[in-house]
Peer 1: 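I'd like to ask you about the structure that follows.
Every number for a ligand or one of its atoms is a count from 1 in the order of the listing.
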Amino acid sequence: MILIGETGSGKTTQVPQIIHEARLEGLGTIAITQPRRVATITIALRVAAEMNTEIGGYVGYSVRFEDVTSAKTKVKYLTDGMLLREAIIDPLLKKYTVIILDEAHERTVNTDILFGIVKLAQKERTIQKLSALKVIIMSATMDVDTFRKYYDNCPVIYLEGRSYPVTIYHSKVKQEDYQYAALCTIFQLHATLPPEHHFLVFLTGQEEIETVMYNIKQITKEAPGPPIRVCPLYAGLPAAKQLQVWKDSPQDTRKVILATNIAEASVTIPHIKCVIDTGFVKERTWCTRTGAERLRVNSCAGAACWQRAGRAGRTSPGSAYRLYTATDFKARPPHNTPEIVRYFTFFY
Ligand SMILES: Nc1ncnc2c1ncn2[C@@H]1O[C@H](COP(=O)(O)OP(=O)(O)OP(=O)(O)O)[C@@H](O)[C@H]1O
């Protein structure tokens, strides 16, 4: 089954709970994959809190180097890489009765391989007369036709509604320097909005985040307005530092989170009222001659822009400030090229 619902409609946190409350997983477990570690952990913690249970009990998570599950776990959040590792040992994934592949639009190599593995596991389990495997593919912004065809015309369900509206603003002119544009937007909004309105700014990598962080600290020494607490969020940051982003700021202090696309999907950071989207992402590409991996800054696809905007308005109405024009947005491809395709098409 394919499940499409707007960002913030409750796919990731509510669907597994509904399945579990109806005991549809039977004697097995529900697995929910996420492309990123930080999302996996924070969502599992949130769902455990919503179910009023200890993490590692009925609700658990598994990421690289950290397995917080037990024999009791029925709702298990895990990175796509972890499910892939489990599939190497048990290709039929027998301990799961329901597998939810979330954020399908991201099309990482791991999730693309998992799409095939779960399809094969489902067929093989039917042939071997083992317990049935239910597969749910979820996203807010995926290419439904391609997936539906791949899964033998499976049913597609559209979830309507979201908690809070997000107003989108586009830049009126093309920005030559998106880091500078991001800084100007941060300080324009900072001068007018109350301090409890926190900002989430999308940049492309650690170096850029550190530069913008330094500039914010320098400018705040002289700029008017409430104090600013700057929080970086990128994949290379130790997990404990990543989780600082979810910590409350002192009263009357604005939180400004400078993140890469790891904050783009699934995560809910409370009190984010403004998303500032530069419209760029650093993508992995490969040199097929040498096999060397490279990172390149590219414009992100329409689906990613919608995901980023969706980070505002999760706990109250919000706004997304796109530092690119509406014409630029319309010209972007709706979906990014799957990582697996980029892997095979880069010849240098
Ligand atoms: N950690 C949290 N703190 C506060 N509210 C939260 C938290 N996690 C989720 N929520 C609330 O639950 C709603 C649904 O979140 P959920 O992640 O299930 O949505 P989703 O449909 O999967 O979104 P996305 O497509 O962006 O992943 C959010 O909009 C938010 O209101």
Side-chain angles (χ1 to χ4, degrees), residues 1-21 30-53 55 59 61 75 77-80 100-108 111 136-144 147 156-166 168 196 198 200 202 231 233 242-249 255 257 259 261-273 275 277 300-320 335-336:
M1 180 173 101
I2 293 172
L3 197 60
I4 308 290
E6 271 206 68
T7 55
S9 56
K11 300 178 298 297
T12 315
T13 55
Q14 304 308 311
V15 171
Q17 290 189 62
I18 293 166
I19 294 173
H20 176 59
E21 274 161 22
I30 307 162
I32 313 99
T33 65
Q34 290 296 320
R36 300 189 183 91
R37 180 189 169 95
V38 68
T40 311
I41 300 172
T42 54
I43 293 165
L45 291 170
R46 168 74 186 182
V47 172
E50 282 186 13
M51 287 173 70
N52 214 3
T53 173
I55 190 76
V59 182
Y61 68 85
V75 177
Y77 288 88
L78 73 175
T79 52
D80 45 17
I100 304 178
L101 302 178
D102 199 7
E103 309 302 351
H105 65 278
E106 295 237 351
R107 304 295 306 269
T108 60
T111 21
I136 305 177
I137 312 293
M138 291 200 308
S139 175
T141 46
M142 67 194 253
D143 174 3
V144 178
F147 279 90
V156 181
I157 293 179
Y158 291 87
L159 285 178
E160 276 188 28
R162 70 179 323 155
S163 323
Y164 302 99
V166 177
I168 311 265
E196 62 277 11
H198 300 326
L200 172 61
F202 284 99
C231 303
L233 183 59
Q242 288 183 348
L243 295 175
Q244 288 292 320
V245 163
W246 277 264
K247 291 247 162 76
D248 285 340
S249 289
K255 184 156 56 173
I257 300 160
N261 62 342
I262 73 164
E264 184 177 289
S266 289
V267 295
T268 297
I269 305 168
H271 312 301
I272 293 295
K273 297 279 276 186
V275 163
D277 178 14
C300 53
C305 302
W306 287 119
Q307 289 287 341
R308 291 175 179 199
R311 297 315 107 194
R314 292 175 80 87
T315 51
S316 59
S319 312
H335 304 282
N336 59 341

Peer 1: Does Lys273 reach the main-chain N or O of Pro317 with its side chain, forming a donor-acceptor pair under 3.5 Å?
Peer 2: yes

Peer 1: I need the atoms of ligand 1 closer than 4.0 Å to a non-hydrogen atom of Thr315, numbered in the order shown.
Peer 2: 4 (C), 5 (N)

Peer 1: Does Glu106 pair with Arg36 as a salt bridge, N-O distance under 4.0 Å?
Peer 2: yes

Peer 1: For ligand 1 and Ser9, I'd like to know whether there is a polar contact (N/O to N/O, distance under 3.5 Å).
Peer 2: yes

Peer 1: Has ligand 1 got any nitrogen or oxygen that is less than 3.5 angstrom from a nitrogen or oxygen of Thr13?
Peer 2: yes

Peer 1: Would you kindly say whether Thr268 and Arg314 are connected by a side-chain donor-acceptor distance under 3.5 Å?
Peer 2: yes

Peer 1: Atom 26 (O) of ligand 1: which protein heavy atom is closest, and how many Å away?
Peer 2: Arg311 NH2, 2.6 Å

Peer 1: Report the distance from atom CE of Met138 to atom CD1 of Ile2, rounding to the nearest 0.5 Å.
Peer 2: 12.5 Å

Peer 1: Please state which option from His271, Met138, Glu103, Arg46 has its nearest heavy atom closest to atom 4 (C) of ligand 1.
Peer 2: Arg46

Peer 1: So is Trp246 polar-close to ligand 1, meaning N/O to N/O under 3.5 Å?
Peer 2: no

Peer 1: Would you compute the distance between atom OH of Tyr61 and atom CD1 of Ile55 and round it to the nearest 0.5 angstrom?
Peer 2: 6.5 Å

Peer 1: Could you check atom 9 (C) of ligand 1 against the protein and tell me its nearest heavy-atom contact, residue, atom and distance included?
Peer 2: Thr268 OG1, 3.4 Å

Peer 1: So, 4.0 Å and heavy atoms of Ala265: is ligand 1 close enough to count as a contact?
Peer 2: no

Peer 1: If you round to the nearest 0.5 Å, how far is CD1 of Ile41 from CG of Leu243?
Peer 2: 6.0 Å

Peer 1: For Ser266, take its heavy atoms, then give the atoms of ligand 1 lying under 4.0 Å from any of them.
Peer 2: 17 (O), 26 (O), 27 (O)

Peer 1: Donor-acceptor pair, Arg311 side chain versus Glu264 backbone, under 3.5 Å?
Peer 2: yes

Peer 1: Measure from atom 24 (P) of ligand 1 to every heavy atom in Gln14, Lys11, His105 and give the option owning the shortest one.
Peer 2: Lys11

Peer 1: With nothing but distance in play, are any N or O atoms of Gly10 less than 3.5 Å from an N or O of ligand 1?
Peer 2: yes

Peer 1: Could you tell me if any non-hydrogen atom of Glu6 lies under 4.0 Å from any atom of ligand 1?
Peer 2: yes

Peer 1: Considering only protein heavy atoms, which is closest to atom 22 (O) of ligand 1, and at what distance to one decimal place?
Peer 2: Thr12 OG1, 2.5 Å

Peer 1: Is there side-chain contact between Ile136 and Ile19, with heavy atoms separated by less than 4.5 Å?
Peer 2: yes

Peer 1: Is there a polar contact between ligand 1 and Tyr164, counting only N or O atoms under 3.5 Å apart?
Peer 2: no

Peer 1: To the nearest 0.5 Å, how far apart are OH in Tyr158 and CD1 in Ile4?
Peer 2: 6.0 Å

Peer 1: Which pair of heavy atoms, one from His335 and one from Thr141, lies closest together, and at what distance?
Peer 2: CE1-O, 2.8 Å

Peer 1: For atom 17 (O) of ligand 1, which candidate among Arg314, Gln307, Glu264 holds the nearest heavy atom?
Peer 2: Arg314

Peer 1: CD1/Ile43 to OG1/Thr12 distance, rounded to the nearest 0.5 angstrom?
Peer 2: 5.0 Å

Peer 1: Say whether Glu50, considering both its backbone and side-chain N or O atoms, lies within less than 3.5 Å of an N or O atom on ligand 1.
Peer 2: no

Peer 1: Give yes or no for whether the N/O distance cutoff of 3.5 Å, strictly under, is met between Gly8 and ligand 1.
Peer 2: yes

